[in-house]
Number of protein chains: 2
Amino acid sequence: MTVSGVKQALTDSEILREISDAIIEGRLAPGEKLGQDELGKVFGVSKTRIRPILHRLTDQKIVVIEPMRGAFVARPSVEEARTVNAARQIIEEGVIRAATRMARPKDLKALREIVAQEHEARSSHMAGSAHRLTGEFHCELARITGNEVVADIVRDLVARDNLVVALYQRPNAAGCSLDGHASLIDRIADGDEDAAAHAMRHHLQDVMASLDLGQRKPPSKPLASAFAHLGAGPK
Amino acid sequence: MTVSGVKQALTDSEILREISDAIIEGRLAPGEKLGQDELGKVFGVSKTRIRPILHRLTDQKIVVIEPMRGAFVARPSVEEARTVNAARQIIEEGVIRAATRMARPKDLKALREIVAQEHEARSSHMAGSAHRLTGEFHCELARITGNEVVADIVRDLVARDNLVVALYQRPNAAGCSLDGHASLIDRIADGDEDAAAHAMRHHLQDVMASLDLGQRKPPSKPLASAFAHLGAGPK
DNA sequence: GCAACAAAAATCGTATACGATTTGAAAAAA
DNA sequence: TTTTTTCAAATCGTATACGATTTTTGTTGC
């Protein structure tokens, strides 16, 4: 019963995605340190391959590198939070308009399925899942356009916004955006492009308003348990 | 009179931008080989620092890496060309709507200035400049939103589209999109958001239609002269 | 007991080194 | 002459090594 686990040579992109997913899903908290040697051991490679990957994540703005100090999961400032949200209002207006024009019954079904899962996650008090699913809804919306480039852009924006939410959400986070998503689906089903666009803008504004931008949570400490599912033994 | 030139330690991001600009401005043609050692010599660093930068450009889709063969300036397929153009229609619809809502007189002036420069470049038969300015118009439009995230996204899309144009433009490239930009400005000046959005979609469709997707130009050969302005002497 | 300083440990950033793979050319066969 | 085969040169991908900087620890003084 040797450790085995990942061992069979992950590609750079796979490692990138692994770290990226860990951040998006909240298994790596904002501010957490991403040591090169440490990550290298986790994935069974040398830090020579980790470094470039960290820089790539820096381009996606979900990791920051402080010279001679190392890489950390990004902790977006209030200003950045506002900018990203504003960007989403601009970009996703185009997305929901296109989606409204192209949506087919099975697309609406997929969206409603996600909302249902969101409800389930909320009622089960699984904050992590609810978090992830909220973003997934917007990604699925982008997928309706059938355009991979658009889907990737939305995914990046959602990832950054997830960090914002992780940092600034109010302790007693009420189910803020649930009805928001449901009514978005209704507008799309109506085929009313203008109404859908309007609803999207307000939905994103609502999400922003539900945050407490006054104080961001302090950086936390531990790493490593975030990759438990990989089965890589430490040391 | 030693070589001097760049010598004073460029940062990774500066090198990245240098290569990126060279590609966008057409000094590096699609398909051109980007050797690691070669680029390292150009910038006076080891290939250890070049490699990650090439991977970052890969994420931007303006460079492709073929395993064990090296990095090349991307040569987007017809399918990718269509996808990027469709993405621009979706994204830039949101952008021009936001820009129309926010545009101030000085913004319109900046846009008209770019169109004027485009005319000048065309009449001077400076194809390269005209090319760059066409993209610059859309970037300036994005800048009107005052949102850096949006501006970066549009810049990336424009960069990819520039490669598409470089590959598929017709030999006798007529001034296709000149009036397109002028009428976009008029719609913005009117404050008619829907008309502006409609004009943008058709403008991008026109650009696409002006291409000859039947045959893409073959890969060309030489490198190195693209970075002459840096003053780095080759060996 | 706490603050300040000094030394040691850990970590980062880059260059160099080396095995693996591909490319190109030279030589041999048809 | 053309094709195939073989071998050398060039290039890529990764690990290791080493100087530079930061962080931590341990000690001293107050």
Side-chain angles (χ1 to χ4, degrees), chain A residues 6-19 28 31-59 63-75 218-224 226-227 232 234-235, chain B residues 3 6-19 28 31-59 62-75 218-224 226-227 232 234-235:
Chain A
V6 209
K7 292 315 172 195
Q8 64 275 13
L10 287 85
T11 181
D12 286 5
S13 297
E14 287 170 338
I15 296 176
L16 178 85
R17 186 57 175 259
E18 205 64 57
I19 300 176
L28 288 170
E32 200 148 339
K33 165 128 201 197
L34 301 171
Q36 313 185 146
D37 287 325
E38 194 171 6
L39 284 171
K41 289 216 171 52
V42 168
F43 293 103
V45 298
S46 177
K47 68 174 182 180
T48 311
R49 284 180 61 192
I50 297 296
R51 265 185 60 75
I53 293 171
L54 258 14
H55 275 91
R56 293 212 264 164
L57 291 168
T58 293
D59 287 339
V63 164
V64 295
I65 292 183
E66 302 183 22
M68 281 299 165
R69 292 210 47 245
F72 305 83
V73 179
R75 303 178 68 240
S220 58
K221 298 286 97 176
L223 181 153
F227 300 102
K235 154 66 173 321
Chain B
V3 185
V6 210
K7 292 314 172 196
Q8 64 275 15
L10 287 86
T11 179
D12 285 4
S13 297
E14 287 168 338
I15 296 176
L16 178 85
R17 187 56 176 260
E18 205 66 55
I19 300 175
L28 288 170
E32 200 147 340
K33 166 125 199 202
L34 301 171
Q36 314 185 145
D37 287 326
E38 195 171 7
L39 285 170
K41 289 212 172 52
V42 169
F43 294 104
V45 299
S46 177
K47 70 173 181 179
T48 312
R49 285 181 60 192
I50 297 296
R51 264 186 61 74
I53 292 171
L54 257 15
H55 275 91
R56 292 211 264 164
L57 290 168
T58 292
D59 287 339
I62 60 180
V63 165
V64 295
I65 292 183
E66 303 182 23
M68 282 299 166
R69 293 211 45 244
F72 304 83
V73 179
R75 303 178 69 240
S220 58
K221 298 284 95 174
L223 182 153
F227 299 103
K235 160 57 174 321

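Proteins get letters first, then strands, A, B, ... in listed order; numbering begins at 1 in each.
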Inset, instruction - With sequence neighbours excluded, tell me which residues meet side chain to side chain donor-acceptor pair (under 3.5 Å) with T48(B). - result: S46(B)
Mind checking whether [X] and [Y] have side chains closer than 4.5 Å, heavy atoms only?
X	Y	result
L34(A)	L28(A)	yes
R75(B)	F72(B)	no
I50(B)	D37(B)	no

Expressed in angstrom and rounded to an integer, what is the separation of [X] atom [atom1] from [N] atom [atom2]?
X	N	atom1	atom2	answer
R51(A)	dG13(D)	CZ	P	17 Å
E38(A)	dT11(C)	CD	P	8 Å
L39(A)	dT11(C)	CG	C1'	13 Å
R49(A)	dC12(C)	CZ	C1'	20 Å
F43(B)	dA15(C)	CZ	C1'	18 Å
I50(A)	dG13(D)	CD1	P	17 Å
D12(B)	dC12(C)	CG	C1'	13 Å
K33(B)	dA10(D)	NZ	P	13 Å

Legend entry - Q36(A) side-chain N/O to dA10(C) phosphate OP1/OP2 under 4.0 Å: no
Inset, instruction - Give a yes/no on whether any side-chain N or O of R69(A) is located under 4.0 angstrom from OP1 or OP2 of dG13(C). - result: no
Which protein N or O atoms sit under 3.5 Å from an N or O of nucleotides 16-21 of chain D?
from	atom 1	to	atom 2	distance (Å)
dT16(D)	O4	T48(A)	OG1	3.4

Legend entry - Any residue meeting side chain to side chain contact (heavy atoms under 4.5 Å, CB included) with D12(A), in chain and number order, not counting sequence neighbours: R49(A), I53(A), R56(A), H55(B)
Inset, instruction - Please lay out, stage by stage, how F43(B) and I19(B) fare under the test side-chain contact (heavy atoms from CB on, under 4.5 Å). - result: CA-CA 10 Å; F43(B) 294 104; I19(B) 300 175; 4.1 Å; yes
